[in-house]
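For this chain, numbers begin at 1 and follow the sequence in order.
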Amino acid sequence: MKAMQRIRSLAVPLSALMAALVLAGCASAPPTVAEHAGVAVPASFSEQKSAAAAGWTTAAPAEAQPRGAWWLAFSDPALSALVERAGEANTDVQTAAARLAEARALLRSADAQRQPQVGASGGAVRQAGANTANGMQPATLVTAGLNFSYEADLFGRLSGASDAARADATAREALLQSTRLMVQADVAQTYLQLRSLQTERQLVEQSLTAYRETLNLIERRFRAGDAAELDVARMKTEVSATEAEALALERQQATLTHALAVLVGDVATGFTLASPQGEATLPVIPAGVPATVLARRPDVSAAQASVLAAQARVGVAQAAWFPAITLTGNGGYASPELGDLFKWSARSWGIGALLSLPIFDGGQRAAQEEGARARLEVAVAAQRGQVLAAFREVEDQLSALRLLAGQSQVLGQAVQSSERATHLSDVRYRNGLVSQLELLDARRNELRNRRQALQVRTAQYTATVALIRALGGGWESGAQLAARS
């Protein structure tokens with residue numbers, strides 16, 4: 001009777017404590033996640049308005065657009081082969097894939113905690129003392145059976161852990177896509193820069209050939225007494241300077257070749273690239289609208305999933321305040337003789353329930369909840385930064401492409417004029433109408449303009465690839481879309 005009275009006397013305060021904890025948990029539910037971390041999404045990009053004013057056209061947004069083989073738009077088989085090699089052998093992609101596999105394994109582990117746990121056990125114990133029937137006489141007990149345990153997830157602690165692990169796996173999957181896109185863009189940019197250097201080196205070699213021919217002509221005229229030694233010295237200086245530029249371009253070409261080898265997962269030693277068969281196509285990429293960019297970029301999706309994981313872990317930390325109820329059971333056989341172990345009379349079983357309720361832990365659970373909320377704030381801030389960076393990257397590349405297009409047009413006119421000036425100066429010099437300095441200046445101007453035009457063309461390729469990456473990858477031309485439909 002006294003025991004029953006004590007249990008009844010404890011029931012009231014325990015019930016009140018549990019009710020208070022439930023109300024406290026409901027009052028401090030984790031905050032909901034803003035769609036874009038509080039960033040106001042603009043209706044259109046600023047550079048698109050400038051492009052429209054300049055007569056450019058922009059394709060309509062397509063949120064369901066596939067993130068397929070965007071590099072095919074450059075119409076370069078060598079580039080396509082390198083990108084495909086990098087997708088299989090690049091170490092960054094392999095690392096991201098392994099981390100995704102780890103996250104999925106952790107998700108399965110978290111889900112398994114919500115299922116009943118069943119195991120088999122067996123053992124033999126020889127003991128003596130107060131816990132044996134024979135007192136101090138040694139006795140042997142042989143057991144074999146099955147064990148069962150199940151934790152009732154009344155307050156969502158286990159489901160919250162599963163939700164957090166699932167969000168982590170989603171973030172890892174998005175990061176894998178982001179890594180693939182980053183590697184693809186790096187391969188494309190490195191390859192296009194390498195091709196540009198090869199073409200630029202050919203320009204320098206052509207100029208060097210022309211300088212050497214002019215040097216031979218001046219040396220013949222000098223030996224004949226028709227030219228001064230100063231003219232010979234000037235021409236030799238020009239030849240040596242141009243040879244130095246050719247060597248510098250060769251050094252840069254070797255560096256890019258080695259970088260490309262690492263990107264495709266190959267050894268830099270012995271890695272070579274075949275000569276280009278033609279110039280790659282420069283596609284025009286439709287930017288769409290900012291909201292489409294947020295839906296397409298895998299890094300933004302990963303940041304959003306990280307916020308959801310942090311939010312779920314806040315709920316897990318709050319659920320630690322609530323009682324935990326675990327159901328247990330066992331069944332099998334127990335006998336002092338091994339030969340009688342599996343007889344029907346040796347059977348044994350038991351069931352039980354365990355209720356654990358935290359009362360005082362020195363502030364451990366409060367600190368864990370505070371840490372979870374701080375990590376949630378970090379994830380929200382990171383997501384906001386990712387969204388802002390996405391808008392900035394698209395605007396940067398749109399403005400770069402707009403300005404580079406104008407610069408390319410102006411330089412094209414400069415190249416034509418400088419080529420004509422070089423031709424006229426060469427004719428006049430051979431006829432003795434102008435000095436050597438005028439011819440050298442004309443050739444220098446032509447080479448400078450042609451190299452600048454090539455460098456601007458390379459910058460257009462680089463900015464186009466960067467725009468594709470900023471948009472989240474996956475772009476198809478109108479012809480490709482029509483072919484698919």
* Asked: Would a 4.5 Å heavy-atom cut-off, applied to side chains only, mark H258 and F271 as touching?
  -> no

* To do: May I ask you to decide if F74's main-chain N or O and Y461's side chain share a donor-acceptor pair within less than 3.5 Å?
  => no

* To do: Before giving the answer on salt bridge (charged side-chain N to carboxylate O under 4.0 Å, His left out), spell out for R212 and E243 the whole-Å C-alpha distance, their side-chain angles and the decisive distance to 0.1 Å.
  => CA-CA 10 Å; R212 286 171 177 168; E243 288 176 344; 2.7 Å; yes

* Check the side chains of R428 and N431 for a donor-acceptor pair under 3.5 angstrom, ignoring hydrogens and angles. => no

* Carboxylate-amine/guanidinium proximity below 4.0 Å for E238 and R444 -> yes

* Asked: Is a salt bridge present between E370 and R375, judged by a nitrogen-to-oxygen distance below 4.0 Å?
  -> no

* Asked: Are Y211 and M235 side-chain neighbours, meaning at least one heavy-atom pair lies under 4.5 Å?
  -> yes

* Would you call R195 and D76 a salt bridge, using N to O less than 4.0 angstrom? -> no

* Between Q452 and N449, is a side chain to side chain contact (heavy atoms under 4.5 Å, CB included) present by the stated rule, with each step listed? -> CA-CA 5 Å; Q452 287 181 351; N449 289 330; 4.1 Å; yes

* To do: Using a cut-off of 6.0 Å, state whether more than 12 heavy atoms not belonging to Q409 lie near its atom CD.
  => no

* Which value, rounded to the nearest 0.5 Å, describes the distance between R450 atom CZ and L454 atom CG? -> 9.5 Å

* Structure fact -> Rounded to the nearest 0.5 Å, the OG1 atom of T190 sits from the CG atom of L273 at a distance of 11.0 Å

* To do: Measure across R469 and D186 and return the closest heavy-atom pair with its distance rounded to 0.1 Å.
  => NH1-OD1, 3.9 Å

* Are D163 and R166 close enough for a salt bridge, meaning some N to O gap below 4.0 Å? -> yes

* Could you tell me whether a side-chain N or O of S196 sits under 3.5 Å from a main-chain N or O of L192, the two making a donor and an acceptor? => no

* Using only heavy-atom distances, determine whether the side chains of W71 and E84 contain a donor-acceptor pair under 3.5 Å. => no

* Asked: So, for V314 and A372, which heavy atoms are closest and what is the spacing to 0.1 Å?
  -> CG2-O, 3.5 Å

* Salt-bridged, R451 to E446, with N to O below 4.0 Å? -> no

* Taking side chain as C-beta onward, heavy atoms only, is D266 less than 4.5 Å from R85? -> yes

* Is a side-chain donor-acceptor pair under 3.5 Å present for T462 with Q189? -> no

* Interatomic spacing from CD in Q383 to CG in L388 - rounded to 0.5 Å -> 10.5 Å

* If you take all heavy atoms of L447 and S207, which pair is closest and at what distance? -> CD1-OG, 3.2 Å

* To do: Salt-bridge test for R457 and E200: reply yes if a basic N is under 4.0 Å from a carboxylate O, no otherwise.
  => no

* Structure fact -> When rounded to the nearest 0.5 Å, the distance separating CG of L308 from CG of L376 is 9.5 Å

* Asked: Are the side chain of T422 and the backbone of S418 linked by a donor-acceptor contact shorter than 3.5 Å?
  -> yes

* To do: Would you check if T464 and P283 make a side-chain contact, meaning some heavy-atom pair closer than 4.5 Å?
  => yes

* Structure fact -> Nearest heavy-atom approach of A312 to G160 is CB-O, 3.7 Å

* Asked: Between R313 and D168, is there a side-chain N and carboxylate O pair less than 4.0 Å apart?
  -> yes

* By side chain to side chain contact (heavy atoms under 4.5 Å, CB included) - contacts of S408 (at least two apart) -> V456, Q460

* Heavy-atom side-chain contact between S159 and R114 under 4.5 Å -> yes

* Side chain to side chain, Q193 and Q253, heavy atoms closer than 4.5 Å -> no

* Asked: Which atoms form the tightest heavy-atom contact between S306 and A379, and what is the distance?
  -> O-CB, 4.0 Å

* Worked verdict on E393 versus Q397 for side chain to side chain contact (heavy atoms under 4.5 Å, CB included) -> CA-CA 6 Å; E393 291 171 3; Q397 304 312 321; 5.6 Å; no

* Are the side chain of E88 and the backbone N or O of A86 linked by a donor-acceptor pair below 3.5 Å? -> no

* Pairwise side-chain contact, V264 with N90, heavy-atom cut-off 4.5 Å (strictly under) -> no

* **Exercise: do T214 and R443 side chains pair donor with acceptor under 3.5 Å** => yes

* R104 vs L100 side-chain heavy atoms within contact, under 4.5 Å -> yes

* Asked: In Å, rounded to the nearest 0.5 Å, how long is the span from CG of L263 to CG of D92?
  -> 8.5 Å

* **Reported OG-to-CZ distance for the pair S399 and R402, which is rounded to 0.5 angstrom** => 6.5 Å

* Could you go step by step and tell me if W321 and R157 meet the side chain to side chain contact (heavy atoms under 4.5 Å, CB included) rule? -> CA-CA 10 Å; W321 291 96; R157 184 181 66 85; over 6 Å; no

* Nearest heavy-atom pair of L72 and S80: which atoms, and what distance? -> CD2-OG, 3.3 Å

* Thinking salt bridges, do E369 and R373 make one under a 4.0 Å N-O criterion? -> yes

* **Criterion side chain to side chain contact (heavy atoms under 4.5 Å, CB included) on L197 and L256, from CA distance to verdict** => CA-CA 9 Å; L197 278 178; L256 286 178; 3.3 Å; yes

* Passing option when Q206 is tested against L203, V204, T209, L208 for side chain to side chain contact (heavy atoms under 4.5 Å, CB included) -> L203

* Can you find a side-chain donor-acceptor pair between S162 and D111 that sits under 3.5 Å? -> yes

* **Side-chain H-bond candidate by donor/acceptor type, Q198 with R201, under 3.5 Å** => no

